[in-house]
Amino acid sequence: MDVSREKAPTAQETFMQMAQAAGLRGRILVTIGLLILVRLGVHLPVPGIDRVAFAQNVQNSPLIGFLDLFSGGGLSALGIFALGILPYINASIIVQLLTAALPSLEDLQKNEGEAGRRKISQITRYVSLGWAILQSIGIAIWVSPFAQSPSPLFIAQTALALTAGSMFVMWISEVVTERGIGNGASLLIFINIVSVLPRSLGQTFELAQSGDTQVVGRVVVLLLVFLVTIVGIVFVQEGTRRIPIISARRQVGRKVYRESRSYLPLRLNQGGVMPIIFASSVLIVPSFLAQSLNNPFLVQVANVLSPNGPAPWAYALFYLTLILFFSYFYASLIVNPVDMSQNLKKMGASIPGIRPGQKTSDYVEKVLNRLTFLGAIFLGLVAIVPTAVESAIGVQTFRGFGATSLLILVGVAIETAKQIQTYVISQRYEGMVK
C-alpha cells in the first residue's frame with residue numbers, strides 16, 4: 001500500500017478515532033484537567049489587598065486590559081496566577097536571542113542533540129524564574145497602596161506568591177507539552193483569551209440591542225472585519241510554497257529505484273503565532289515599566305507606543321517592525337538553508353535547474369526570505385487593521401481583544417488540530433503493523 005497517498009482523516013473520522021484511541025483520550029483528559037487547574041488558580045486571590053479600591057483604579061486601564069488577555073483576568077483579579085505564562089514567554093525571547101548571538105548556546109542547540117536542548121530548556125527556566133521575581137516585585141510595589149497593611153513584609157509575601165504561581169504555571173505548560181496535546185504555553189494563552197471572549201461578546205450584543213440603527217451597523221461592520229480577518233489568518237497559516245525536488249535514480253543491491261519527484265514545503269508563516277506573541281510581549285514592556293516605576297520619561301514613551309496615544313502611526317510602525325523582526329528570527333531558527341541543502345545532497349536529491357551545494361542553499365534562502373516578508377507584512381496588517389477599524393467606528397466592546405487574539409486563537413486551534421490528526425494517523429498505522 002502506498003503510504004504517501006493515504007488521505008488525512010476528516011473531522012468526523014478524527015472525532016470517532018479519538019473516541020476509540022485510549023492513548024489520545026488520556027492525553028486530552030490530561031490537557032483539559034491541567035487547563036481547568038490553571039483557570040481555578042487565576043481566581044485564587046492574593047491576600048491582604050483592598051480589591052474594591054484596586055478594581056476601581058484599574059477598571060479603564062488599557063494596559064491591564066491587554067495583559068488580562070494573556071493572564072485570563074488574573075491581573076485585574078490579582079490572583080496567584082496573575083503573571084501566568086508571561087515570564088516564560090519573555091524568558092524564551094531572551095534565550096532565543098542569546099542563542100543566535102552566543103556561539104556556545106548555538107552549539108548546544110544545533111550539535112548537542114537532545115542533551116543540548118534540555119540544557120537550553122533548563123537555562124530558559126532559570127531566566128523565567130529571574131524574570132518572574134522582577135515582575136512580581138514590580139507588581140507588589142505597584143499594588144502596595146491598596147494593601148490593608150502596607151509594609152516590606154507585604155511586598156515580600158506578594159512577590160513570593162506571584163513568583164510561585166508563575167513557576168507552577170510554567171511547569172503545567174511543560175507537562176501539557178510532554179503528556180498532553182499541543183504546545184502547553186500556546187494552549188494556556190489560548191484558554192486565557194477564550195475566558196475573556198464571552199464578556200466581550202455579551203457587551204457587543206447588548207450594544208447591538210440598543211435599537212440605534214447606526215450602532216447596529218457599526219457592530220455588523222466590526223464583526224465582518226473580524227470574520228474576514230479569521231479567513232485571512234487561516235489562509236496564511238495554511239499557505240505553503242512547494243519547491244519541486246528530484247531524487248536521482250539509485251541502485252541498492254539488484255533493485256534499481258527510478259527517479260522520483262517530490263516537494264519541499266516552505267510555509268508562508270514559519271513562526272506561526274509566536275512572532276506576534278513575542279511582539280506583543282515586547283510592546284507592553286514600556287507601559288509595564290512606566291506604571292511600576294512612575295518615571296516621566298517611561299510614561300512618555302509608553303504613551304507614544306500606545307494604540308490610543310498621541311501618535312498611533314508610531315505604535316503601528318513599531319509593532320510592524322517587531323513582527324517583521326521576530327518573523328525573520330523565527331524563520332532562521334526553524335529552517336536552515338545550509339543544512340537543508342546538505343541533507344538534499346546526502347539523499348541524492350536536487351531542485352530542478354539549481355546546482356547542489358551553495359546554489360541550492362542560496363535559492364532556498366531567497367525563497368524563504370520572500371515568504372517570510374509576505375507573511376510578516378500580513379501579520380502586521382492583521383494585528384493593526386481590526387484595531388484601527390474598532391477605533392474608527394467607535395465600538396470599544398472588544399477593547400484589548402483584537403486581531404492579535406484572533407491570530408493566537410486560530411493559529412493554536414489549527415496547530416492543535418494537526419497534532420491530533422497526526423496522532424490519529426500514527427495510531428492507525430501502528431494498528432495496521434500489529
Evaluation steps, side chain to side chain contact (heavy atoms under 4.5 Å, CB included), between Y328 and F373
CA-CA 8 Å; Y328 274 101; F373 180 77; 3.2 Å; yes

Just how far is it from atom OG of S173 to atom CG of L34, taken to the nearest 0.5 Å?
10.0 Å

By side chain to side chain contact (heavy atoms under 4.5 Å, CB included), S121 pairs with (sequence neighbours left out) R125

I want to check something: taking the side chain as every heavy atom from C-beta on, are L409 and F190 in contact at a cut-off of under 4.5 Å?
yes

Could you tell me whether the side chain of T177 and the main chain of N183 form a donor-acceptor pair under 3.5 Å?
no

With sequence neighbours left out, write down each residue that passes side chain to side chain contact (heavy atoms under 4.5 Å, CB included) with Q342, or none if nothing qualifies.
V338, D339

Find out whether Q122 and K119 are in side-chain contact, i.e. whether some heavy atom of one side chain is under 4.5 Å from a heavy atom of the other.
no

Out of curiosity, T240 OG1 to L264 CG, how far, rounded to the nearest 0.5 Å?
10.5 Å

Using the rule given for side chain to side chain contact (heavy atoms under 4.5 Å, CB included), can you reason through S361 versus M340, listing the C-alpha separation, both sets of side-chain angles and the distance that settles it, and then say yes or no?
CA-CA 7 Å; S361 62; M340 190 174 293; over 6 Å; no

With a 4.5 Å cut-off on side-chain heavy atoms, are F154 and S144 touching?
yes

Minimum heavy-atom distance S350-P356, with the two atoms named
CB-CG, 4.3 Å

Give a yes or no on this: more than 12 heavy atoms of other residues, nucleotides or ligands lie within 6.0 Å of atom NZ of K418.
yes

Rounded to the nearest 0.5 Å, how far does CD1 of I80 lie from OG1 of T163?
12.0 Å

Roughly how far, to the nearest 0.5 Å, is the CG atom of L368 from the CD1 atom of I243?
8.5 Å

R27 to G180 - nearest heavy-atom pair and separation:
NH1-O, 2.9 Å

Minimum heavy-atom separation for I181 and Q419, please, with both atom names.
C-OE1, 4.2 Å

Could you report the tightest heavy-atom contact between T321 and L317, atom names first, then the distance?
OG1-O, 2.8 Å

Can you check side chain to side chain contact (heavy atoms under 4.5 Å, CB included) on Y363 and I351, steps first, answer last?
CA-CA 9 Å; Y363 176 78; I351 300 174; 3.9 Å; yes

Of all heavy-atom pairs between A376 and L324, which one has the smallest distance, and what is that distance?
CB-CD1, 3.4 Å

Tell me whether S128 contacts the main-chain N or O of A91 through its side chain, where contact means a donor paired with an acceptor under 3.5 Å.
no

Let me confirm one number: the CG-CD1 distance from L320 to I377, rounded to the nearest 0.5 Å.
6.5 Å

Would you call M167 and L129 a side-chain contact if the rule is heavy atoms closer than 4.5 Å?
yes

Hey, mind stepping through V38 and I191 against side chain to side chain contact (heavy atoms under 4.5 Å, CB included) and telling me if it holds?
CA-CA 9 Å; V38 170; I191 197 66; 5.6 Å; no

Under a 4.5 Å cut-off applied to non-hydrogen side-chain atoms, are L83 and S136 in contact?
yes

Any chance you could measure I246, atom CD1, to I354, atom CD1, to the nearest 0.5 Å?
11.5 Å

Side chain to side chain, V367 and L266, heavy atoms closer than 4.5 Å:
yes

Geometric class of the F329/F326 ring pair [parallel <30°, tilted 30-60°, perpendicular >60°]
perpendicular

Okay, side chain of S341, backbone of P337: is any donor-acceptor separation there less than 3.5 Å?
no

Any side-chain heavy atom of I89 sitting closer than 4.5 Å to one from I189?
yes

Please give me the minimum heavy-atom distance between L162 and A82, naming the atom from each residue.
CD2-CB, 3.9 Å

Are the side chain of S92 and the backbone of Y88 linked by a donor-acceptor contact shorter than 3.5 Å?
yes

Given side chains that start at C-beta, do those of L187 and V412 come closer than 4.5 Å, heavy atoms only?
yes

